[in-house]
There are 2 protein chains.
Amino acid sequence: MRWEELDRQPCSLARTLSVLGDRWTLLVIRDCFMGVRRFEQFEARLGIARHVLADRLKKLTEAGVLAKVPYQDRPRREEYRLTEKGLALHPALIALLDWGDRYMAGPEGPPVQRRHRTCGHVTHGVSVCSECGEPLDPREMSVEPGPGAPDDLPLPERSGKTR
Amino acid sequence: MRWEELDRQPCSLARTLSVLGDRWTLLVIRDCFMGVRRFEQFEARLGIARHVLADRLKKLTEAGVLAKVPYQDRPRREEYRLTEKGLALHPALIALLDWGDRYMAGPEGPPVQRRHRTCGHVTHGVSVCSECGEPLDPREMSVEPGPGAPDDLPLPERSGKTR
DNA sequence: TAGATTGAGTTCCGAAAAGGAACCTGTCAA
DNA sequence: TTGACAGGTTCCTTTTCGGAACTCAATCTA
């Protein structure tokens, strides 16, 4: 499969990765959540090649994740801000971050922590069911065709007992 | 910055992406959660070049996300299974999937849905605070150095008012 | 018992993407 | 009129990917 076909796959993860699934994109979005908005700031913090950065920002803007907002005229300058669609990536970023905190940190612990201002505690995200509020366990979830399923949706047979 | 330096960055997201941050890896893991375990199954479902698949499976195994488990001798054959570290990616997968359901689905809706067997409802994940249980809002979280922070941790200044 | 099959890769080649450095374009300030 | 600043583009080299063919060991199958 070519990478450009990914956004037409009948899978929301594949479609998500057609936007976010490369080396740099999620790091750009991480920096957006940290308040970074300008080309030079992204470049300095990420150490990314300039043309790759320009390409990623363009694609994220086209995808509606970022928006270019002018912050001065003469010369016209624009900065990149998360849209509502971009802000909605927050749970996914937190989940990836929490995984890194748990499994990729050295013995000293994670380099950065997040505090929930609402309750004042250092926090990590817990993924709960939107309906009953219980934490979601992969073994307690089943996958089924949704409203937008094509006729030939390939749901794999499980080989042997479930995981 | 070179890609190989990413796992030494003082950022758990960067370290996570040093393992997961490329075109195919998260799709491989998605299939693992769907019960796929064998080389040929991955190849058939993903349409990935075989040597790229071999490389990704090797790296995921080295990273401790998958484990090679023999399922027969004579001839010896091995399959790939999620370890506990791999299973812990479930919340991140769900969060990315839910984002795709909301923002990348066509007008008919998402192609696949998940049902929470515990409560019987079609569900999506909600990310809540581990301490107070309230849903996490990016505006209510602040970032600060953690126990493993280096001395020169680059937390950006916010330019202008906070988002 | 020769030949096909299966599962899990490896090799090779041309195309696409990334890394790195230099260059370009308005505008203003010295 | 020279320099700085912000935000890119261009060019060239190195890596990685996509696709097809090949390998290899251990069975089935005729």
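On a predicted model such as this, the values are computed, not experimentally measured, just so you know. All values below come from the heavy atoms of this structure, side chains included, with hydrogens, waters and symmetry mates left out. Below, chains carry the letters A, B, ... as their sequence lines are ordered, and counting in each starts from 1.
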_Distance below 4.0 Å between A:Arg76 side-chain N/O and D:dC5 OP1 or OP2_ = no

*Would you please confirm or rule out a distance under 4.0 Å between OP1 or OP2 of C:dG9 and any side-chain N or O of B:Lys68?*
yes

*Just compare C:dA17, C:dG20, D:dG7 and give me whichever is closest to any side-chain atom of B:Arg2.*
C:dG20

*asked:* Measuring from the side chain of A:Asp22 (C-beta onward, heavy atoms only), which nucleotide among C:dC28, D:dG7, C:dA18 has the closest atom?
replied: C:dA18

*Classify the nucleic acid contact of B:Phe42 as base, sugar-phosphate or nothing, counting any heavy atom under 4.0 Å across all strands shown.*
nothing

*asked:* Below the 4.0 Å mark, does D:dG7 have OP1 or OP2 next to a side-chain nitrogen or oxygen of A:Tyr71?
replied: yes

*Measure from the side-chain heavy atoms of B:His51 and tell me the nearest of D:dG8, C:dT11, D:dT16.*
C:dT11

*asked:* As a test of reading the structure: which of C:dA8, C:dA17, C:dT27 is closest to the side chain of B:Arg50, going by heavy atoms?
replied: C:dA8

*Within this structure, what is the CG-to-C1' distance between B:Asp55 and C:dA8, rounded to whole angstrom?*
15 Å

*Counting side-chain heavy atoms from C-beta on, which of C:dA18, C:dG7, D:dT9 comes nearest to A:Arg23?*
C:dA18

*Look at the side-chain N and O atoms of B:Lys59 and state whether any lies under 4.0 Å from the OP1 or OP2 oxygen of D:dT16.*
no

_Residue B:Phe39, side-chain heavy atoms: nucleotide from D:dG19, C:dA8, C:dG26 that is nearest_ = C:dA8

*Salt-bridge contact B:Asp98-B:Arg102 (side-chain N to carboxylate O under 4.0 Å)*: no

_Heavy atoms only, 4.0 Å cut-off, all strands: where does A:Lys58 land among base, sugar-phosphate and nothing?_
nothing

*Could you tell me whether B:Arg38 sits above the aromatic face of B:Tyr71, with NZ or CZ closer than 6.0 angstrom to the six-membered ring centre and within 45 degrees of the axis?*
yes

_Assess, by modelled atom type and distance only, whether the side chains of A:Glu84 and B:Tyr103 contain a donor and an acceptor separated by less than 3.5 Å._
yes

*Could you check how far CD1 of A:Ile48 sits from P of C:dA18, rounded to whole Å?*
8 Å

_So if I take every side-chain heavy atom of B:Ala54 and compare against C:dA18, C:dA8, C:dT10, which nucleotide ends up nearest?_
C:dT10

*Mapping A:Gly47 and B:Glu40 to their closest nucleotides on DNA chain C, which lands nearer the 5' end?*
B:Glu40

_Atom-to-atom span, CG of B:Leu66 to P of C:dA8 - whole angstrom_ = 14 Å

*Return the nearest nucleotide to the side chain of B:Arg77; candidates are D:dG19, C:dT6, D:dC17.*
C:dT6

*Given atom CG of B:Leu53 and atom P of D:dC17, what is their separation to the nearest angstrom?*
12 Å

*Please check if B:Met1 and B:Val19 belong to a single hydrophobic cluster, counting links between Ile, Leu, Val, Met, Phe, Trp and Tyr side chain heavy atoms closer than 4.5 Å.*
yes

*If you pin A:Trp3 and A:Glu78 to their nearest nucleotides in DNA chain D, which one's is more 5'?*
A:Glu78

*Would you say A:Val28 and A:Tyr80 are hydrophobically clustered, going by side-chain heavy atoms of ILVMFWY under 4.5 Å?*
yes

*Which nucleotide in the set D:dA26, C:dG20, C:dC28 lies at the smallest distance from any side-chain heavy atom of A:Arg74?*
C:dC28

*Kindly assign one of parallel, tilted or perpendicular to the pair A:His90 and A:Phe33, based on the angle between their ring planes and the thresholds 30° and 60°.*
tilted

*Distance test, side-chain N/O of A:Trp24 to OP1/OP2 of C:dG19, below 4.0 Å*: yes

_Residue closer to the 5' end of DNA chain D, B:Asp73 versus A:Tyr80 (nearest nucleotide)_ = A:Tyr80

